[in-house]
Trainee: 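What follows is a structure written as structure tokens; I'll ask about it next.
Residue numbering restarts at 1 for every chain, and letters A, B, ... go by the order of the sequence lines.
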There are 2 protein chains.
Amino acid sequence: MQKKDNVSMSVIRRLPRYYRFLSELCRRGETRVSSKELSEKMGFTASQIRQDFNCFGGFGQQGYGYNVPQLCAEIERILGIQQLHKCVLIGAGNLGKAIVGHMPFVQLGFELIGVFDNSKRVIGGKISGHEVLSYESIASFFESHHPVMAILCVPREAVETISDELYALGIKAFWNFSHYDITLKHPDAIVENVHMNDSMMTLCYRLSLEE
Amino acid sequence: MQKKDNVSMSVIRRLPRYYRFLSELCRRGETRVSSKELSEKMGFTASQIRQDFNCFGGFGQQGYGYNVPQLCAEIERILGIQQLHKCVLIGAGNLGKAIVGHMPFVQLGFELIGVFDNSKRVIGGKISGHEVLSYESIASFFESHHPVMAILCVPREAVETISDELYALGIKAFWNFSHYDITLKHPDAIVENVHMNDSMMTLCYRLSLEE
DNA sequence: TAGATTGTTAATCGATTAACAATC
DNA sequence: TAGATTGTTAATCGATTAACAATC
């Protein structure tokens with residue numbers, strides 16, 4: 001039942017994966033799972049799985065294993081998914097549209113409260129039920145709504161300016177897709193860069209290895 | 001000048017990042033850089049940087065540092081970026097369009113040779129200069145063109161079927177975006193899943209920590 | 001009780017960092 | 001030559017795995 005307070009990033013990054021698997025088991029109505037079964041399904045070792053869960057407390061029962069819905073709920077709680085952090089998305093191009101249309105925000109702990117663009121062509125239109133607002137009005141929007149996270153889907157040239165502006169307006173975290181190869185740096189802000197370029201180059205390397 | 005043949009994935013995953021930084025230095029006309037300078041700019045330790053480069057050979061010169069264009073070229077060579085692996089993209093929805101329009105394929109070591117969809121509405125149309133082909137014709141396309149990598153941008157329900165089909169047709173690698181939370185498993189295939197969901201949940205966790 | 005499986009400690013493995021001799 | 005910086009070995013650190021006592 002001990003509870004580490006400095007859980008390593010290696011563990012944290014595995015949590016969403018556990019959550020995905022356990023949600024699926026839950027959905028199928030499974031009630032019970034052992035670290036051994038999970039290890040076979042997920043490709044981690046049983047030992048690692050027990051270690052990971054024990055960073056947060058003893059969720060299992062000797063001789064039985066883990067209760068699926070309970071474990072699932074615990075991980076959901078640890079991830080803080082019930083909190084619905086308010087977020088905005090900047091850039092209603094194809095990538096922005098794909099994310100607005102297909103990201104299950106609420107299931108991931110977020111609430112999308114605004115979509116912004118600076119192009120007259122799209123402002124005022126709707127994507128997946130969200131009206132596209134003018135980026136020019138974003139300061140007053142922040143004053144009244146206080147979003148904490150911004151998803152950036154804007155062109156390369158615009159990233160730096162926009163992230164600076166949003167940071168000044170008090171945004172706490174960025175999820176940056178914008179042009180695949182920038183590294184955002186803002187003191188105190190949480191930045192998650194989705195480096196598509198890097199991941200594709202890694203793929204290139206691995207293909208090259210095979211000749 | 002020793003050359004490890006089993007370079008760890010931790011090192012490989014840093015290579016694209018080195019490449020991005022060095023390309024930028026190159027572009028600016030810098031000719032020389034030391035591991036110390038790089039460490040300050042990139043946030044790795046100088047020691048790690050030297051270790052990393054030395055997995056592949058001695059690219060530097062004592063007392064001088066590294067020659068920027070040369071080092072950059074070496075990493076490009078290691079990553080195999082000049083090889084232009086043929087790839088196809090499946091699914092010409094918003095995500096597919098964003099990727100076709102904005103991924104600098106050639107710079108990343110790939111050549112996009114076909115875009116496929118199964119919707120009559122988009123087949124025959126063009127996105128960023130690429131004609132959208134019918135998914136039904138993909139088998140014959142494979143026979144004549146032999147792509148090695150497939151980018152999946154299709155709905156969740158379609159992922160499994162499509163990946164099975166392409167694997168049977170001889171595809172060697174998948175870059176799977178399709179619905180953010182599937183884990184593709186094909187024996188022998190190289191699979192790179194872009195888990196947007198997971199990355200967003202990690203962000204949620206970190207935001208929750210801050211209250 | 002016997003069997004199963006956790007929680008937890010100890011051992012191993014691998015990756016990062018420090019140190020320094022080699023050398024430009 | 002003196003100063004700088006690599007290449008490389010050794011030390012440290014952290015993460016994973018193994019082992020097993022606790023206990024359901």
Trainee: Quick one: does Ser10(A) reach the base of dA15(D) with a side-chain donor-acceptor pair under 3.5 Å?
Mentor: no

Trainee: Whole Å only: how far is the CG atom of Leu38(A) from the P atom of dT5(C)?
Mentor: 12 Å

Trainee: Closer than 4.0 Å, any side-chain N/O of Thr45(A) to the OP1 or OP2 of dT17(D)?
Mentor: yes

Trainee: State, without any angle test, whether His85(B) and Ser208(A) hold a side-chain donor-acceptor pair at a distance under 3.5 Å.
Mentor: yes

Trainee: So does Ser35(A) get a side-chain nitrogen or oxygen closer than 4.0 Å to the phosphate oxygens (OP1/OP2) of dT6(C)?
Mentor: yes

Trainee: Take the angle between the ring planes of Tyr167(A) and Phe174(A) and call it parallel below 30°, perpendicular above 60°, tilted in between.
Mentor: tilted

Trainee: Which comes earlier along DNA chain D counting from the 5' end, the contact point of Gln61(A) or that of Ser47(B), where each point is its nearest nucleotide?
Mentor: Ser47(B)

Trainee: In whole angstrom, give the distance that lies between atom CZ of Phe56(A) and atom P of dT8(C).
Mentor: 15 Å

Trainee: Could you state the OH-P distance from Tyr64(B) to dT23(C), rounded to the nearest angstrom?
Mentor: 20 Å

Trainee: Look at the side chain of Gln62(A) and decide which nucleotide, out of dA15(C), dC24(D), dT23(C), has an atom nearest to it.
Mentor: dC24(D)

Trainee: Which nucleotide in the list dG7(C), dT8(C), dT16(C) gets nearest to the side chain of Gln51(A)?
Mentor: dT8(C)

Trainee: Between Asp52(B) (CG) and dT6(D) (P), how many Å, whole number?
Mentor: 13 Å

Trainee: Distance check needed: dA15(C) P versus Ile12(B) CD1, whole Å only.
Mentor: 11 Å

Trainee: From C-beta outward on Gln48(A), which listed nucleotide comes closest to its side chain: dA19(C), dT16(C), dT16(D)?
Mentor: dT16(D)

Trainee: Which nucleotide in the set dG7(C), dG7(D), dT5(D) lies at the smallest distance from any side-chain heavy atom of Asn54(A)?
Mentor: dG7(C)

Trainee: Taking only the side-chain heavy atoms of Ser34(A) (C-beta and beyond), determine which of dG7(C), dA19(C), dT5(C) contains the nearest atom.
Mentor: dT5(C)

Trainee: Between Arg14(B) and dT16(C), is there a side-chain N or O to OP1/OP2 distance below 4.0 Å?
Mentor: yes

Trainee: Between dA15(C) and Ser8(B), counting only base atoms on the nucleotide and side-chain atoms on the residue, is there a donor-acceptor pair under 3.5 Å?
Mentor: no

Trainee: Is it true that the NZ or CZ of Arg32(B) lies under 6.0 Å from the centre of Tyr64(B)'s six-membered ring and within 45 degrees of the ring axis?
Mentor: yes

Trainee: Calculate the interatomic distance between Glu74(A) atom CD and dG7(C) atom P; express it in whole Å.
Mentor: 11 Å

Trainee: Should the ring pair Phe59(B) and Phe53(B) be called parallel, tilted or perpendicular, given that the plane angle runs from 0 to 90° and is split at 30 and 60?
Mentor: tilted

Trainee: Both distances under 3.5 Å, Watson-Crick or G-U wobble: report the partner of dA19(D), or none.
Mentor: dT8(C)

Trainee: Specify the separation, in whole Å, of atom CG of Leu71(A) and atom P of dT6(C).
Mentor: 10 Å

Trainee: Would you indicate which nucleotide in dT17(D), dT5(D), dG7(C) comes nearest to any side-chain atom of Tyr66(A)?
Mentor: dG7(C)

Trainee: Looking only at the side chains, is there a donor atom on one of Tyr135(B) and Glu165(B) sitting less than 3.5 Å from an acceptor on the other?
Mentor: yes

Trainee: Taking any strand in view, what nucleotide pairs with dC24(C) in a Watson-Crick or G-U wobble way, both distances under 3.5 Å?
Mentor: dG3(D)

Trainee: Would you name the heavy atoms of Ser128(B) and Gly101(B) that are closest together and state the gap between them?
Mentor: OG-CA, 3.3 Å

Trainee: In whole angstrom, what separates Arg32(A)'s CZ from dA4(C)'s P?
Mentor: 11 Å

Trainee: Watson-Crick or G-U wobble partner for dG14(D), using a 3.5 Å limit on both distances?
Mentor: dC13(C)

Trainee: Quick one: is dT17(C) close enough that its OP1 or OP2 comes under 4.0 Å of any side-chain N or O from Arg50(B)?
Mentor: no

